[in-house]
There are 2 protein chains.
Amino acid sequence: MKTNNKYLAIYQELADLIKQGILAPDETIPSENELAAKYETSRETIRKALNLLAQNGFIQKVKGKGSIVLDVTKMSFPVSGLVSFKELSQNLGRSSRTNVEKLGLIKPDPFIAQQLNLSGGDEVWEVVRSRNIDGESIILDKDYLNSRFIPSLTKEICEDSIYRYIEEELGLKISFAKKEIVVEECTEEDYAYLDLHSFTHIVVVKNHVYLDDTSLFQYTESRHRLDKFRFVDFARRGH
Amino acid sequence: MKTNNKYLAIYQELADLIKQGILAPDETIPSENELAAKYETSRETIRKALNLLAQNGFIQKVKGKGSIVLDVTKMSFPVSGLVSFKELSQNLGRSSRTNVEKLGLIKPDPFIAQQLNLSGGDEVWEVVRSRNIDGESIILDKDYLNSRFIPSLTKEICEDSIYRYIEEELGLKISFAKKEIVVEECTEEDYAYLDLHSFTHIVVVKNHVYLDDTSLFQYTESRHRLDKFRFVDFARRGH
DNA sequence: CAGTGGTCTAGACCACGGG
DNA sequence: CCGTGGTCTAGACCACTGT
């Protein structure tokens, strides 16, 4: 990443210290004034970094006391946030393989057109991939991408990481997503591509993904076998 | 809420304008300088309010352009965040009823003791409640509360809202939670208290809930019938 | 009391977008 | 070019915690 930003660099450094256990749970990190002196910066800049740490569950700030390190070992971040399968499996180091089952430019059916807010005859990339982990196909990812933003797409890109291609090759900035998790009955497609055993239902994570300028470019369904699904999140109360 | 805070008051005011549609999706809100003038405050204070709006999915800030209002109609009411069932059902206005199936002070079994980090002979409040919505029992909430923090608990409190009691009567500050969503096989208890039809599995939302000072005071399992479960979230990429 | 984090200020410089 | 948001600063006052 770019280290133009002091507060991001400080955030990363402290986050790494916590992940490595050098700053241990229940300890307090140095005070904001001490950190400001150490990093030769202003207190507000330190506070930006600490607020990021608090948002992401690394620390808890307590008025009058200090900032306490939280136990982050349990979290190992799965489907939370906005992360591609490639990035996920890398973080976990599990042996995984991706099979591209379908890839093509299609005229979207009414459901997909609605999900992507398409009006005219815009075409859409349809990508269907199965994810094989430890020898079993347990996730089916169905992606629909607006061709206005993604002009071309190859099997190689889909086997690697579509997000990497979009961000690094096309220079687009993926910014946010509206995510929905529900359970549905398995479809013929699920039975065809996944090792479903006797399961009759499947967890579906639906994502509407937006770029920096608020344009909607992707609708995704990530379909997980019931017994292999896990979602972890850190939530703060209030505002 | 207390309106001691300028930036929180400004956040609330703008969030309300967006929820009411007075600031409509795809429009830009006034610039930071304009808002600073209007509210007679500094730009940094305005930025705090706008950053909160961005975090919570109300706006998207675009450098060089302005802050664009996002469509928030789809989002309303998540199981996201840290919200009690009472608060949730109020926001949705569905007819709902709570049945207290169990309530008592118990010696925790090893699993619960471990979830709550209990060492000695600390006792724990066990509360089991079923949630009836539109005539069907579809959610089973199992709560375990450390009696060190919650000395007493009554059926009336459990029928209303435990969180309301803890925050308003006891004056404790519920601060954050680690949340996990998985799917499990139904237990005898699920069959006993819920209208499960032919479902064999159930969505379980497990929460470890912490107070302001990072003390763990509650472990909760919220068990949802597959077809009635829905989780919505707003996620930003990166950091 | 001294030290902590929480809020707020008035100003500065930068990178970006659009006319 | 000007206006936008992004970063950073140095200082102030407050509320809260501990001793």
Side-chain angles (χ1 to χ4, degrees), chain A residues 1-12 14 26-55 58-70 171-173 175-176 211-215 236 238-239, chain B residues 1-12 14 23 26-55 58-70 171-173 175-176 211-215 236-239:
Chain A
M1 293 295 152
K2 52 186 73 169
T3 1
N4 293 1
N5 292 42
K6 272 192 193 175
Y7 81 94
L8 268 183
I10 296 169
Y11 164 77
Q12 291 291 355
L14 293 175
D26 293 330
E27 285 181 8
T28 61
I29 65 176
S31 76
E32 296 178 349
N33 285 316
E34 288 171 318
L35 288 171
K38 174 177 173 189
Y39 287 102
E40 295 180 310
T41 184
S42 71
R43 207 184 128 213
E44 283 291 350
T45 298
I46 295 295
R47 298 191 89 262
K48 269 196 194 172
L50 297 194
N51 285 334
L52 257 191
L53 289 169
Q55 275 173 43
F58 288 100
I59 63 172
Q60 172 76 353
K61 311 181 82 178
V62 183
K63 202 185 303 192
K65 290 235 276 276
S67 294
I68 304 172
V69 178
L70 299 181
L172 299 177
K173 287 180 193 155
S175 182
F176 63 92
L211 298 176
D212 215 16
D213 63 352
T214 76
S215 49
R236 289 196 173 271
H239 283 315
Chain B
M1 296 291 157
K2 52 186 71 167
T3 0
N4 294 1
N5 293 42
K6 271 191 195 175
Y7 81 92
L8 268 184
I10 296 170
Y11 164 77
Q12 290 292 356
L14 293 174
L23 292 173
D26 293 330
E27 285 182 8
T28 62
I29 66 175
S31 77
E32 296 179 350
N33 285 316
E34 288 172 320
L35 289 172
K38 173 177 175 188
Y39 288 101
E40 295 182 313
T41 184
S42 71
R43 209 186 124 211
E44 284 290 350
T45 297
I46 294 296
R47 297 191 90 265
K48 271 195 191 171
L50 296 195
N51 284 334
L52 257 190
L53 289 170
Q55 276 173 41
F58 287 99
I59 63 171
Q60 172 76 353
K61 311 181 81 177
V62 183
K63 204 186 304 191
K65 290 234 275 275
S67 295
I68 304 172
V69 177
L70 299 180
L172 299 177
K173 286 178 194 158
S175 183
F176 63 92
L211 298 175
D212 214 17
D213 62 353
T214 75
S215 49
R236 288 196 173 271
R237 177 159 173 86
H239 285 317

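To find a chain, count down the sequence lines: A is the first, B the second, and so on, and within it residues start at 1.
The side chain of B:Lys65 approaches C:dG17 more closely than any other nucleotide in the set D:dT4, C:dG17, C:dG5.
The side chain to side chain contact (heavy atoms under 4.5 Å, CB included) check on B:Thr45 picks up B:Lys6, B:Tyr7, B:Thr41, B:Ser42, with sequence neighbours excluded. Qualifying side chain to side chain contact (heavy atoms under 4.5 Å, CB included) partners for A:Ala54, counting only residues two or more places apart in sequence or in other chains: A:Ile59, A:Lys61, A:Arg236. Every side chain to side chain contact (heavy atoms under 4.5 Å, CB included) that A:Ser215 has, sequence neighbours left out, goes to A:Phe149, A:Leu211, A:Asp213.
The side chain to side chain contact (heavy atoms under 4.5 Å, CB included) test with A:Ile10 is passed by exactly one of A:Leu52, A:Leu50, A:Ile46: A:Ile46.
Applying the salt bridge (Lys or Arg N to Asp or Glu O under 4.0 Å) test to pairs two or more places apart or on separate chains, those with a residue in residues 39-53 of chain B are B:Glu32-B:Arg43, B:Glu32-B:Arg47.
Annotation: the span from B:Thr214 atom OG1 to A:Ile68 atom CD1 amounts to 4.5 Å, rounded to 0.5 Å.
Taking atom CG of B:Asp213 as the reference point, atom C1' of D:dC16 lies 14 Å away to the nearest angstrom. Rounded to an integer number of Å, the gap from A:Asp212 CG to C:dG17 C1' is 12 Å. The CD1-P distance, from A:Ile46 to C:dG3, rounds to 19 Å in whole Å.
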* Using a 4.0 Å heavy-atom cut-off, write out nucleotides 6-13 of chain C from 5' to 3' as B (base contacted by protein), S (sugar-phosphate only) or - (no contact). => BBBBB-B-
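For the OP1/OP2 pair of C:dG3 and a distance below 4.0 Å, the side-chain nitrogens and oxygens of A:Ser31 include no atom meeting the criterion.
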